[in-house]
Amino acid sequence: MASRPRRSQYLPQEIEPKWQKIWEEHGVMKASDGSPKPKFYDLVMYPYPSGELHMGHARNYVMGDALARMKRMQGFEVLHPFGWDAFGLPAENAAMKHPGLHPEKWTLDNIAESKRDLKMMGILYDWDREVTSCMPDYYRWTQWLFLLMLERGLAYRAKAPVNWCPVDKTVLANEQVINGRCWRHPDVEVEKRDLEQWFLRITDYADRLLDDLAALDRWPQKVRVMQTNWIGRSMGAEVDFPVDGLPGESVRIYTTRPDTLFGATFMVLAPEHPLVEKVTTEKHRARVRKYVEQARKETEIERLSTERDKTGVGTGGFAINPMNGEKIPMWVADYVLVTYGTGAIMAVPAHDERDFEFAQRYDLPIRQVISAPGENGPLRQAYEGPGVLVNSGPFNGLESSVAFEKICDWLESAGIGKRSVKYRLRDWLISRQRYWGAPIPVVYCPTHGIVPVPADQLPVELPPEYKPLSEQPDWYRTTCPIGGEEARRETDTMDTFIDSSWYFLRYASPHDERSAFDPELANHWMAVDQYTGGVEHAILHLLYSRFFTKVLHDAGLLEVTEPFARLFNQGMVKRFGQVMAKSAGNGVSIAQLSSEQGADAGRVYEMFIGPPEEDVEWNEAGLNGVVKFLQRVWRLVLEPESIDMEAGAVVAVDAGVLRRRVAQTVGRVTEHYDELRFNTAVAFLMELANTMQDYLQGGGARDADWDSAVRVLITLLDPLAPHVCEEMWERLGEKGLLADAPWPVFEAAVAAEPKVTLVVQVAGKVRDRLEVDTGLSEGDAVAAALASQKVRGALDGRSPSKVVYVPDRLINLVP
RNA sequence: GUCGGCGUGGCGGAAUGGCAGACGCGCCAGCCUUAGGAGCUGGUGCCCGAAAGGGCGUGGAGGUUCAAAUCCUCUCGCCGACACCA
């Protein structure tokens with residue numbers, strides 16, 4: 001140990017646990033429902049409880065925490081809750097791997113571990129409001145919401161093709177099918193089975209889910225585009241094509257290009273289309289059956305691949321094009337999907353790439369009906385653009401967009417077709433043949449059919465034994481709630497995305513035993529003011545939550561129609577070029593960081609490392625830089641006399657410059673925190689620290705200006721490095737967060753830019769400086785300057801080689 | 001293929017029409033020191049120059065503007081999402 005007096009350093013290992021304990025004892029982040037303060041709902045996506053956390057997980061929690069702390073200091077009543085998306089497959093996998101381990105135990109153990117790490121990072125949540133989706137007091141209300149959907153006609157049962165493992169006798173998720181085989185039995189081919197499944201009618205809300213996106217102007221553009229594409233609304237027409245030789249029979253097709261109807265040279269039915277058998281002639285029957293059988297076996301993924309050549313078979317049957325009475329051959333091909341539109345299309349090879357490819361392969365006729373600019377002679381590829389109609393009888397000469405409307409009018413008046421809107425969004429299949437989920441609360445009664453479990457009998461609790469519900473007769477045997485007959489419970493559980501579609505409402509009244517949420521409290525806290533989480537949820541979770549919110553609004557239980565006012569997707573943390581993950585073995589453990597550089601350093605570093613929406617690479621050297629910064633702040637605040645003054649500062653910072661820097665920092669840091677631009681906020685704090693150091697080294701007095709700089713520095717840094725800041729407050733003999741240290745306000749008098757200066761330079765020689773009133777925009781200020789006598793004189797008829805607009809604050813900061 | 005995003009020093013990145021490279025890392029030189037992965041000072045885009053100073057510079061090519069990393073057109077490269085939706 002050195003005997004020379006050391007500069008003091010703070011020891012995170014000592015002060016961090018100390019403050020974490022104090023915060024917990026004082027319930028610092030508990031949200032009060034009846035507070036007169038304006039509310040701020042700061043939410044991070046609740047995670048799947050995966051156990052020990054690393055710094056990859058920490059990034060968005062630190063962002064959420066920093067914002068919560070700032071908003072609290074700004075006088076908001078902050079709701080910053082946390083919970084666990086606790087149902088799901090990983091728990092079942094763990095249970096299968098370790099016989100005797102129950103998914104619930106595994107899950108709750110993981111939660112305890114994760115929770116410890118969050119606390120170790122100094123993240124403050126209102127733990128009184130913690131929700132855990134796998135607990136009966138939560139899933140009871142998930143079940144209640146299902147019943148609400150059922151009551152409102154939004155839940156229904158229908159047959160759907162599913163992946164079935166014949167050995168496990170269960171349905172598999174798409175992710176569990178590997179090369180057409182069961183993930184747990186690599187020798188066993190997965191079967192496609194049509195099974196009765198539960199669906200939610202999200203398509204009823206397609207228009208509203210799409211149209212309301214426009215109002216979400218504080219969502220990333222990217223997410224709105226993704227949702228728009230996912231919903232995929234298209235405008236077109238349905239048209240009936242009579243089947244030749246089968247009077248009264250017709251095939252309905254859907255097209256977005258009714259203006260190309262005269263170019264239909266064949267028709268294609270999806271293999272599953274109900275009329276395939278009927279229109280097929282005897283001669284073609286065997287081949288068609290074989291093709292249909294083959295198509296059924298293929299997975300969705302194989303079928304939808306564009307890489308693949310299109311295949312199909314002729315049925316021998318013909319349809320009549322209602323526009324011109326022409327007989328066109330009917331084909332069956334798997335590039336037409338039974339689940340979209342009407343499951344049948346008219347093929348217009350001249351104006352559709354896919355039809356063109358198919359026509360070429362099977363030598364089917366191609367007839368151009370839209371003139372392509374600069375093209376004559378036979379088309380070498382499909383022309384999908386707009387143009388003037390040709391070969392289209394009475395509609396020749398019309399522009400395609402006009403023809404679209406005229407032909408639709410004609411179809412409607414002739415009664416053979418109508419305008420139609422279609423979506424690519426499908427209804428939401430929510431039943432899962434899994435144990436670890438919320439049981440779907442219905443009973444099958446031989447007399448009364450599907451009977452919802454009465455709300456006062458909820459929850460339908462999971463049986464204690466971990467075993468498929470369909471193999472637990474003691475559990476599923478029950479009586480009909482209506483007539484008391486012997487009945488059977490639904491043995492499917494719900495998709496975990498249902499759990500997460502409403503958890504943000506439960507936080508408003510987490511212990512309510514009479515309802516899923518107290519409408520009054522939910523209306524008080526909603527909408528979420530800031531929602532932060534990974535972009536991987538850009539579609540599913542965010543779309544489902546929007547759907548649930550709208551349904552609850554329609555049911556009169558919620559005022560808002562959108563749950564999340566502002567959305568932010570943080571980037572991922574990488575190390576050694578890979579995303580930090582337990583499986584990759586490259587995670588920086590929170591426990592270890594905490595015992596070495598400290599949680600504060602980790603927090604500040606992770607915010608400083610790069611733009612919050614970008615992926616960033618963790619590196620130790622950068623972390624050490626932040627450690628140095630925090631230690632420097634510690635010395636500036638607590639022992640400024642230790643700052644070496646011998647060298648003297650070359651740039652003398654006087655009190656005026658210091659004051660100005662302080663005011664500027666308050667303004668910029670506040671603004672950047674609000675926009676979650678933490679990387680630049682940290683840079684501004686470092687600049688302030690640099691200026692303060694220059695001030696001391698230039699012999700600046702430790703007077704009121706200095707004290708105010710110190711106070712501002714600690715306050716602004718507090719949301720990111722709360723432990724060390726609280727410790728500094730205490731050592732200065734002042735109150736910190738616990739006493740609601742107010743957030744500094746940008747002092748308008750100093751902040752305002754009273755003037756700007758234009759520096760005019762001609763040929764690098766002639767210079768002039770001109771002060772311009774503020775109130776003028778930059779462009780106007782420059783124009784005014786260029787028009788002024790003073791500048792005109794300096795220019796002497798030449799044009800300026802350089803005009804620089806310098807805001808006053810910069811001129812004063814940079815001598 | 002379609003849609004979206006991004007290209008700036010040795011590195012992470014600032015600057016969203018107004019001093020390009022803030023802030024940090026790294027590196028160079030020096031200081032201090034019972035020596036140390038500590039602290040302090042100065043330097044650090046590239047080229048010419050002893051310096052003063054000058055020239056060039058935000059993937060590339062054009063354009064708009066007094067002024068462009070920023071806006072527009074084309075182009076090259078990387079990343080992401082969707083992917084036969086008729």
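Throughout, protein chains are lettered first and strands after them, A, B, ... in sequence-line order, and every chain is numbered starting at 1.
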* Tell which nucleotide pairs with B:C56, taking only Watson-Crick or G-U wobble pairs whose two distances are both under 3.5 angstrom. => B:G45
* Nucleotide B:A38, atom C1' - distance to CG of A:Asn624 in whole Å -> 12 Å
* For A:Gly625, report the nucleic acid contact type (base, sugar-phosphate, nothing); a contact means any heavy atom under 4.0 Å. => sugar-phosphate
* Asked: Taking the P atom of each, how far is B:A22 from B:C3, in whole Å?
  -> 38 Å
* Apply side chain to side chain contact (heavy atoms under 4.5 Å, CB included) to A:Trp618 and A:Glu606, showing your working. => CA-CA 8 Å; A:Trp618 179 276; A:Glu606 213 159 69; 3.4 Å; yes
* **A:Phe608-A:Phe678 aromatic ring centre distance below 6.0 Å** => no
* Could you work out the separation of B:U58 and B:C6 based on their C1' atoms and round it to a whole Å? => 13 Å
* To do: Can you tell me the distance, in whole Å, between the NE2 atom of A:His537 and the P atom of B:A81?
  => 14 Å
* Asked: In whole angstrom, what separates A:Arg424's CZ from B:A86's P?
  -> 7 Å
* Taking the side chain of A:Ala621 as heavy atoms from C-beta outward, which of B:G39, B:G26, B:A83 is closest to it? -> B:G26
* To do: Using the C1' atom as the reference point in each nucleotide, state the distance between B:C46 and B:A20 in Å, no decimals.
  => 14 Å
* Mind checking side chain to side chain contact (heavy atoms under 4.5 Å, CB included) for A:Thr228 and listing every partner two or more places apart, or none if nothing turns up? => A:Leu210, A:Leu213
* Asked: Does a nitrogen or oxygen in the side chain of A:Gln697 sit under 4.0 Å from OP1 or OP2 of B:U41?
  -> yes
* Structure fact -> ring-ring contact (aromatic ring centres under 6.0 Å, His included) filter on A:Tyr423, not counting sequence neighbours, yields none
* **Rounded interatomic separation in angstrom, taking OH from A:Tyr340 and P from B:A83** => 14 Å
* Can you tell me the pairing partner of B:A51 across any strand shown, Watson-Crick or G-U wobble, with both distances under 3.5 angstrom? => none
* Taking the six-membered ring for Trp, are the ring centroids of A:Trp219 and A:Phe568 within less than 6.0 Å of each other? -> no
* Asked: Does atom CD of A:Glu353 have more than 12 heavy-atom neighbours from other groups under 6.0 Å away?
  -> no
* Does a donor on one side chain sit under 3.5 Å from an acceptor on the other, for A:Tyr335 and A:Thr311? -> no
* Can you find a side chain N or O atom of A:Gln221 that sits less than 4.0 Å from OP1 or OP2 on B:G80? -> no
* On a whole-Å scale, what distance lies between the C1' atoms belonging to B:U8 and B:G21? -> 8 Å
Cut-off 3.5 Å, no hydrogens considered: what does the side-chain donor-acceptor table look like for residues 262-271 of chain A, sequence neighbours left out?
| unit_1 | atom_1 | unit_2 | atom_2 | d |
| --- | --- | --- | --- | --- |
| A:Thr265 | OG1 | A:Pro365 | O | 2.7 |

* What is the base-pairing partner of B:C3, counting Watson-Crick and G-U wobble geometry with both distances under 3.5 Å? -> B:G80
* Structure fact -> Those residues at least two apart in sequence (or on a different chain) that pass side-chain hydrogen bond (donor to acceptor under 3.5 Å, both in side chains) with A:His672 are A:Thr680
* Between atom CG in A:Leu337 and atom P in B:C84, what is the gap in whole Å? -> 7 Å
* Structure fact -> Mate of B:G17 across any strand shown (Watson-Crick or G-U wobble, both atom pairs under 3.5 Å) is none
* Base, sugar-phosphate, or nothing for A:Arg632, non-hydrogen atoms under 4.0 angstrom? -> sugar-phosphate
* What nucleotide among B:G80, B:C3, B:C84 has an atom nearest to a side-chain atom of A:Lys310? -> B:C84
* Grab the CE-P distance between A:Met686 and B:C23 for me, whole Å please. => 10 Å
* Look through every strand shown and name the nucleotide pairing with B:U73 as Watson-Crick or G-U wobble, where both distances are under 3.5 Å. => B:A61
* **Value in whole Å for how far the C1' atom of B:A38 lies from CH2 of A:Trp634** => 17 Å
* Asked: Partner of B:A38 by Watson-Crick or G-U wobble geometry, both contacts under 3.5 Å, or none?
  -> none
* Of the listed nucleotides B:G39, B:A86, B:A81, the one nearest the side chain of A:Lys628 -> B:G39
* **Rounded distance in Å between the P positions of B:U44 and B:A52** => 11 Å
Strictly under 3.5 Å: I want the nitrogen or oxygen pairs between protein and nucleotides 11-14 of chain B, one per line.
| unit_1 | atom_1 | unit_2 | atom_2 | d |
| --- | --- | --- | --- | --- |
| B:G12 | O2' | A:Ile609 | O | 2.8 |
| B:A14 | OP1 | A:Asn679 | ND2 | 3.0 |

* **Residues forming a ring-ring contact (aromatic ring centres under 6.0 Å, His included) with A:Phe576, sequence neighbours excluded** => none
* To do: State the pairing partner of B:C25; accept Watson-Crick or G-U wobble contacts with both distances under 3.5 Å, and report none otherwise.
  => B:G10
* **Sugar-phosphate, base or nothing in reach of A:Asn690, heavy atoms under 4.0 Å** => sugar-phosphate
* Considering only the C1' atoms, how many Å lie between B:C72 and B:A81, rounded to the nearest integer? -> 27 Å
* Asked: Is there a Watson-Crick or G-U wobble partner for B:U33 with both distances under 3.5 Å, and which nucleotide is it?
  -> none
* Reckon A:Lys422 touches a base, only the sugar-phosphate, or nothing at all at heavy-atom distances under 4.0 Å? -> nothing
* On a whole-Å scale, what distance lies between the C1' atoms belonging to B:U70 and B:G59? -> 16 Å
* For A:Val225 and for A:Thr342, find the nucleotide of RNA chain B with the closest heavy atom, then tell me which residue's nucleotide is more 5'. => A:Val225
* Please report, rounded to the nearest Å, how far the C1' atom of B:G37 is from the CD atom of A:Glu596. => 13 Å
* Starting from the 5' end of RNA chain B, give me the residue, A:Val626 or A:Trp230, whose nearest nucleotide shows up first. => A:Val626
* Between B:G26 and B:C79, how far is it from one P atom to the other, in whole Å? -> 29 Å
* To do: Could you tell me whether B:G9 is syn or anti, where syn means a glycosidic angle within 90 degrees of zero?
  => syn
